[in-house]
Amino acid sequence: MSEKVQESQFQITGMTCAACAIRIEKGLKKMDGVEEANVNLALEKATIKFDAATMSPADIQKKIRDLGYDVVTEKVEFDITGMTCAACSARIEKGLNKMEGILNANVNLALEKASIEYNPSILNPKDMIQKVEKLGYGASVKSDENEQETVDYRLREIETQQGKFIFSLILALPLLWAMAGHFSFTSFLFVPDAFMNPWVQMALATPVQFYIGKQFYIGGYKALRNKSANMDVLVALGTSAAYFYSVYLSIQTIIQNTHPTGLYFETSAILITLIILGKLFEARAKGRSSEAIKKLMGLQAKTATVLRDGEEREIPLEEVISGDVLLVKPGEKIPVDGEILEGRTALDESMITGESVPVDKTVGDLVIGATINKNGFIKIKATRVGKDTALAQIIRVVEEAQGSKAPIQRLADMISGIFVPIVVGIAVITFLIWFFVVDPGNFPEALEKLIAVLVIACPCALGLATPTSIMAGSGRAAEYGILFKGGEHLEMTHRIDTVILDKTGTITNGEPVLTDVITDYDEHEFLALVGSAEKQSEHPLAEAIVEGIKEKGITFKEVINFEAIPGYGIKANVENKEVLIGTRRLMKKSDIEIDQVQSKMVELEKQGKTAMLAAINGQYAGMVAVADTIKDTSTAAIKRLRDMGLQVIMITGDNQQTAQAIAAQAGVDQVIAEVLPEGKAEEVKKLQEQGKKVAMVGDGINDAPALAIADIGMAIGTGTDVAMEAADITLIRGDLNSIADAIFMSKKTIRNIKQNLFWAFAYNALGIPVAALGLLAPWLAGAAMAFSSVSVVLNALRLQRVKL
């Protein structure tokens, strides 16, 4: 993305079905400067990439509002300090208005206040305070504002729909009672005469039609004004037909002085009531579908104890800045990512890495925000705060995945876009057939069939089928440390048939350890001499030897005349003894006899170990071997992948012999060895040319080209490094079982999407002809339509209970 191209997200209100989402998408894409627009109905969120040089977020918000919808924004007021003249207030105002996400900033010099309308999806008050401070002034959120917690807009939506439903139900119940009295099987039911009076019925139905149902008229008008049609159009047409026909009959009874028959006031009122009930359930279910994000956000500490000016202060997490020194007591959460300055402890990192065993930490070690300090007091320096912390990056990846579209959604979007005009056409044809052919001249009967068709055909379920499953599936996967970067990757993963595993750091731990010591010397003395010499070397294998010897509690001796011999080994004088450590070539070059140990050395190499020979004072003294050990979980995880019918291949730069030894231990049949990092991408290409769907699994650093070219790139991540740009999926836990879990979760999600799409299609395909044939009363059609959306969302929510 170029510097001028920005990405912004907008929370949108007022969408009722997939047609709304498609219309906003199309409208935004037509704007000069918009490169990409993606509107997610389930999340009610738009993600837009645009040229910041030609337009601003305010222009996008205006366009969304022009299309008949609204954008969720928040307002905040700041107390500003340090202003001395109008130039100061103008400077702050100008600086704030330039910030991405600020829609309008107004600074009042006399009151020393700033009033700002902003997009909470892009920035927060802390970002604005930092901007004001950079400009050389001070800012703090107004105290009364600070005390008020921001109400979740979804909660407001639920409360609004709940109020509307209760009001509508109170007015619709007498009408339902009156309707029930018409049926022969309810002849025992007493119905007050007042409920049968057309004017009483009109008085009850009118507020429902025009106050509660106002949202459908407004939504339908805005849609038609923009040359489109949505669910609101269908509901407004259907209920208006029933209501105004009933008004016509009521007036006719007065003119003709007859008893009223065939009134449909109850039809329109009950329809609207049921649809509002469906909206209420849908709003509640949508709220539950974003539980994963809420859980992740709930992991964050709320406050931090900071050391400033020699004093301990407890401050909100948002006020911590990089470089702050923080104090963390036993049992507290680590507030932000940082480095330990003092103390030692064990941290519970399970919420980030999935590792249940606490990890020992001491001075110099990195710590991850939101992990729990188990038993020691530590002092840490904040290194990554706010949006830069590991947890914030995880939340961002999950939000982006939930907001993206899977390719399977395109079909649903395409159908939803043309659905409403077709339904209106079918409804008109149904009316004409009933009025002129089936029951000639019977207007009420034909009207009832028209209303039923209009109402049953709302494509709400179709629009929610895919995004709700993507939200629930990617959210559940994130709880297990599997971060899908988009819906398309979640969909593609279930097609994988070949998995390529990088060896170092993926199958193995990535750090060599001392595995064997073979010597006729006194072992303690031998290791003291070898360790002392190797301690002077910077080679990774030397570090492994030194660490292994340290763990045995052996102390090192003084070394003089150390020499590293590239390609051979090292030479050093330890307590007046000449020590040589290295390859066969070093021994032969120094005329040291090693024939008697060649077979043992070959045996170690066949096991995938690197053996080094040691000589003391010109005589062979023994050998040590190091190896990059296999992760505890790798063998079982690879067996699991093979049991799923996947072809598993190991790729490495190691020699064939070492590679085969590691592969045999891990249970991998096929090995591609002696491959340079840049050659890994070529090997992926070769498999793709054979028609394979390939997942490449690596550590995300030297494997980047292969990760990028694979059908699915999986980066084995850690809690401190989750933003791996080349990969499509990040496996935070570093456990190969996560590969099988990711594929399993993908299959579950795709199956769920297909179930949703099938029932959404089937519902409309069956419902329309049933309504057209006159087998479905309008109020039943309304109930079915209202609950079809809810059933789709509830089916998607089953993914939140999947066990991996």
Side-chain angles (χ1 to χ4, degrees), residues 503-504 508-630 652-665 673:
K503 179 184 80 74
T504 307
T508 66
N509 287 300
E511 294 180 3
V513 294
L514 179 65
T515 56
D516 298 84
V517 178
I518 303 165
T519 182
D520 292 331
Y521 233 70
D522 174 68
E523 186 174 303
H524 189 282
E525 176 67 13
F526 174 72
L527 288 176
L529 293 169
V530 168
S532 301
E534 289 286 14
K535 196 168 187 295
Q536 315 306 310
S537 173
E538 294 178 355
H539 196 282
L541 297 183
E543 289 177 20
I545 293 167
V546 170
E547 283 301 314
I549 294 171
K550 267 186 190 174
E551 285 172 11
K552 294 178 183 288
I554 295 169
T555 54
F556 298 127
K557 304 172 183 290
E558 190 180 340
V559 177
I560 57 173
N561 300 328
F562 173 82
E563 182 186 354
I565 309 165
Y568 290 87
I570 62 168
K571 179 180 180 181
N573 190 304
V574 185
E575 288 193 335
N576 296 320
K577 291 176 182 173
E578 185 183 74
V579 179
L580 284 173
I581 308 167
T583 62
R584 295 178 179 88
R585 287 185 297 169
L586 178 63
M587 297 297 126
K588 286 178 182 175
K589 183 181 175 187
S590 305
D591 296 325
I592 294 166
E593 179 59 47
I594 56 167
D595 289 344
Q596 75 275 19
V597 295
Q598 288 274 26
S599 59
K600 184 62 182 174
M601 195 171 184
V602 170
E603 184 186 326
L604 290 170
E605 287 172 343
K606 282 181 178 175
Q607 293 171 21
K609 298 172 180 176
T610 302
M612 281 163 281
L613 303 165
I616 299 171
N617 289 334
Q619 294 292 317
Y620 170 77
M623 75 175 78
V624 291
V626 297
D628 184 3
T629 53
I630 289 178
T652 179
D654 281 352
N655 63 64
Q656 191 71 33
Q657 193 175 37
T658 303
Q660 288 291 356
I662 295 290
Q665 289 178 54

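Bear in mind that the values here come from a model prediction, so they are computed numbers and not experimental data.
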[X], [atom1]: over 12 other non-hydrogen atoms inside 6.0 angstrom:
X: E558; atom1: CD; result: no
X: D520; atom1: CG; result: no
X: K609; atom1: NZ; result: yes

Keeping [X] on the side-chain end and [Y] on the backbone end, is there a donor-acceptor pair under 3.5 Å?
X: Q536; Y: S532; value: yes
X: E593; Y: D595; value: yes
X: N509; Y: T629; value: yes
X: Q665; Y: Q607; value: yes

Please step through side chain to side chain contact (heavy atoms under 4.5 Å, CB included) for the pair K557 and K577, ending with a clear verdict.
CA-CA 11 Å; K557 304 172 183 290; K577 291 176 182 173; over 6 Å; no
Close side-chain approach of E578 and N573, heavy atoms under 4.5 Å
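They are not in side-chain contact.
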For K589, which residues count as a side-chain contact (heavy atoms from CB on, under 4.5 Å) partner, sequence neighbours excluded?
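Once residues adjacent in sequence are excluded, the partners of K589 under the side-chain contact (heavy atoms from CB on, under 4.5 Å) criterion are I565, Y568.
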Residues in side-chain hydrogen bond (donor to acceptor under 3.5 Å, both in side chains) contact with T508, at least two apart in sequence or another chain:
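side-chain hydrogen bond (donor to acceptor under 3.5 Å, both in side chains) check on T508 returns D628.
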Can you tell me how far apart [atom1] ([X]) and [atom2] ([Y]) are? Round to the nearest 0.5 Å.
X: I630; Y: K503; atom1: CD1; atom2: NZ; answer: 9.0 Å
X: L613; Y: R585; atom1: CG; atom2: CZ; answer: 12.5 Å
X: I549; Y: I554; atom1: CD1; atom2: CD1; answer: 6.5 Å
X: L586; Y: I592; atom1: CG; atom2: CD1; answer: 7.0 Å
X: E534; Y: L541; atom1: CD; atom2: CG; answer: 8.5 Å
X: L580; Y: E563; atom1: CG; atom2: CD; answer: 9.5 Å

For a quick test of reading the model, state the closest non-hydrogen atom pair linking [X] to [Y] and the distance between them.
X: A625; Y: L514; result: O-CD1, 3.5 Å
X: T519; Y: A621; result: OG1-O, 2.6 Å
X: A572; Y: V559; result: CB-CG1, 3.9 Å
X: F526; Y: M623; result: CZ-N, 4.0 Å
X: I581; Y: A533; result: CD1-CB, 4.0 Å
X: M612; Y: V626; result: CE-CG2, 4.0 Å

Determine, for K600 against E603, whether the closest basic-nitrogen to carboxylate-oxygen distance falls under 4.0 angstrom.
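Salt bridge present between K600 and E603.
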Inter- and intrachain pairs under salt bridge (Lys or Arg N to Asp or Glu O under 4.0 Å), touching residues 542-551, at least two apart
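Non-adjacent pairs meeting salt bridge (Lys or Arg N to Asp or Glu O under 4.0 Å): E547-K550.
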